[in-house]
Participant: 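Handing you a structure now.
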There are 2 protein chains.
Amino acid sequence: MDRQSSAALSEPSAASSDVADGRLDNFTRKLLSHSLLSTDDQRAILTLPFSLRLLGPNEYILREGEQARVCPLLLSGFAYRHKLVADGGRQIVALKIPGDPLDFQSLYLRRVDHNLQALTAVELAVVPLAALEKMAMERPAFARAVITDILVEASIGREWLVNIGRRNATARLAHFLCELVYRLNQTASPPADESDVPLTQEQLADLLGLTPVHINRTLKRLEEAGAVRRKGRRLKVADFAMLCRIADFSDLYLHRGNVG
Amino acid sequence: MDRQSSAALSEPSAASSDVADGRLDNFTRKLLSHSLLSTDDQRAILTLPFSLRLLGPNEYILREGEQARVCPLLLSGFAYRHKLVADGGRQIVALKIPGDPLDFQSLYLRRVDHNLQALTAVELAVVPLAALEKMAMERPAFARAVITDILVEASIGREWLVNIGRRNATARLAHFLCELVYRLNQTASPPADESDVPLTQEQLADLLGLTPVHINRTLKRLEEAGAVRRKGRRLKVADFAMLCRIADFSDLYLHRGNVG
DNA sequence: CGTGCGGTTGATGTAAATCAACCCATGTGG
DNA sequence: CCACATGGGTTGATTTACATCAACCGCACG
């Protein structure tokens, strides 16, 4: 229930180019996880103009109904999209991790159809839409990468539908954790154990269509099975392979190495 | 449980141009529902080369894991995307209506991440990817429309997540019916009553994350309330306004008149 | 004219929600 | 430095929405 006050994003005051210091590495790597970019293209991306924004946990980045005129990239921290429903419930419909672009959509749609909120403290690179449009115009591979990124997010959304619609609480939670570990390890290789999960139990509930209480009990059972570990409020993935088995996880939908 | 045999789509044998007879009107109108296209662009779209395919109910159009080399457009009939889960359950993740493009995704992603199946008998216009790519290259407004279409489908997917994750059976069913009525009436005006719903109760169940039995009982209650009408196996929307109220429906996510 | 799919209905089971305490770590102000 | 407030988290008792199981029905169609 802690919907915090907003810090609406405006056009970057003076297009301060923190360009040179490689803050966009993250973003480039994300695009490379599913798209092919020449080293020239990659260098060009690193020169995109942006202004840096720091937001605290729970601050809003976009609100439903707004018209966005900039595109934030998530340099560090986590964020999520969510929608509210009449009776006060909310559903998280996407989780964004460091390197993810947060709003390519506003290049094409006038109105934002969901809320975008910081999960942890975040650093954003706020890029003017015009700069992105220009780069997409001049560099077809970049344009392709943008669309591919949109499509991969849509694919993840479809898998979430399956997850919420058809899997029980245990498999559902396990599946989400598998996806998170995969995504946090941008490399194509099966990822290491001990990934940290930065969500509270309430947030997990809002993401998985369950209640916090039930998340708690389900986590407990996963811990007893040895699949996760918890110390205090910190949640870690302990046995990735076991989680994959519980969730019947397949990573096809993430479209890793789409380019071969 | 009636997963029927496939009629996998291949490259159109001889690019038979049924061009002139306006079969792509549907498709153009769909794009116009969210995008701006000059009359010149519209004319050009109507000249896209395609070959006509007729499929019966339940025939597969695409299968998970395949590599598609053509893009089918749905001229008439209904189709749906779905994914299967380990225990035999399935989740429908998108419903496609006449005029909808069925696989822009394969322009950018190598592997199909879901199954695409005919719901009713369908007519498909199968367009070679190369022709679409060429047109997107030459006509930026068309390229924009393609991406916008992708984004609107993704937006609908997010709303489905909210629907399945957070609404009870009654509101969930009502919400889906509202969406269907809206989409079937491509005009921006609030649509008329008495729309026909072409899904069986089992399909509704697979789409809404419920069981057929529960769909049956929920439909019964909606009928008693006067929101829908049923004669035999035919289901109709009787009171659209009431359904909207039950579902707390807002059409923002459909991005109608995005250009208006 | 039978056969089967889709629909309908009732009885029963159960996963998850709800309600309600209480706990603990952390942070904050007196 | 303690008093207290606060936001997670944990746990048990109870309720409930939906699933499951099992018949049976009736139209459509081959």
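Chain naming here is simple, since letters A, B, ... match the order of the sequence lines and numbering starts at 1 in each. Source: prediction; values computed, not measured.
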Participant: Rounding to an integer number of Å, can you tell me how far A:I215 CD1 sits from C:dA15 P?
Facilitator: 16 Å

Participant: For side chain to side chain donor-acceptor pair (under 3.5 Å), just list the numbers for B:R111 and A:H255, CA-CA rounded to whole Å, side-chain angles, deciding distance to a tenth of an Å, and then say yes or no.
Facilitator: CA-CA 8 Å; B:R111 301 229 161 243; A:H255 295 281; over 6 Å; no

Participant: Distance alone, cut at 3.5 Å: any donor-acceptor contact between the side chains of B:E159 and B:H175?
Facilitator: yes

Participant: Base of C:dC5, side chain of B:R233 - is there a donor-acceptor contact under 3.5 Å?
Facilitator: yes

Participant: Identify, between A:T200 and B:G209, the residue whose nearest nucleotide on DNA chain D lies closer to the 5' end.
Facilitator: A:T200

Participant: Measure the distance from CZ on B:R166 to P on C:dA17 and round it to the nearest whole Å.
Facilitator: 8 Å

Participant: Rounded to whole angstroms, how far apart are CD on A:E223 and C1' on D:dT10?
Facilitator: 12 Å

Participant: Could you check whether any side-chain N or O of A:N168 sits under 3.5 Å from a backbone N or O of A:A171, counting only pairs where one atom can act as donor and the other as acceptor?
Facilitator: yes

Participant: Expressed in angstrom and rounded to an integer, what is the separation of B:D206 atom CG from D:dA19 atom P?
Facilitator: 11 Å

Participant: Please state how far atom CG in B:N216 lies from atom C1' in D:dC21, giving the value in whole angstrom units.
Facilitator: 15 Å

Participant: So what does B:R230 hit on the nucleic acid, given a heavy-atom distance under 4.0 Å: a base, only sugar-phosphate, or nothing?
Facilitator: sugar-phosphate

Participant: Can you find an N or O donor on one side and an acceptor on the other, under 3.5 Å apart, linking the side chain of B:R217 with the base of C:dG10?
Facilitator: yes

Participant: Just how far, in rounded Å, is P of C:dC24 from NZ of A:K231?
Facilitator: 20 Å

Participant: Kindly compute the distance separating CG (B:L75) from CZ (B:R23), expressed to the nearest 0.5 Å.
Facilitator: 5.0 Å

Participant: Side-chain N or O of B:K220 less than 4.0 angstrom from OP1 or OP2 on C:dG7?
Facilitator: no

Participant: Which comes earlier along DNA chain C counting from the 5' end, the contact point of B:V213 or that of A:R167, where each point is its nearest nucleotide?
Facilitator: B:V213

Participant: Below the 4.0 Å mark, does D:dT10 have OP1 or OP2 next to a side-chain nitrogen or oxygen of A:Q201?
Facilitator: yes

Participant: Rounded to whole angstrom units, what separation is found between the CZ atom of B:R234 and the C1' atom of C:dC5?
Facilitator: 14 Å

Participant: Go through D:dC18, D:dT11, C:dT8 for me and flag the one nearest to the B:N168 side chain.
Facilitator: D:dC18

Participant: Write down the distance between CG (A:L210) and C1' (C:dA17), rounded to a whole number of angstrom.
Facilitator: 10 Å

Participant: Which heavy atom of B:A238 sits nearest a heavy atom of B:R229, and at what distance?
Facilitator: CB-NH2, 3.5 Å

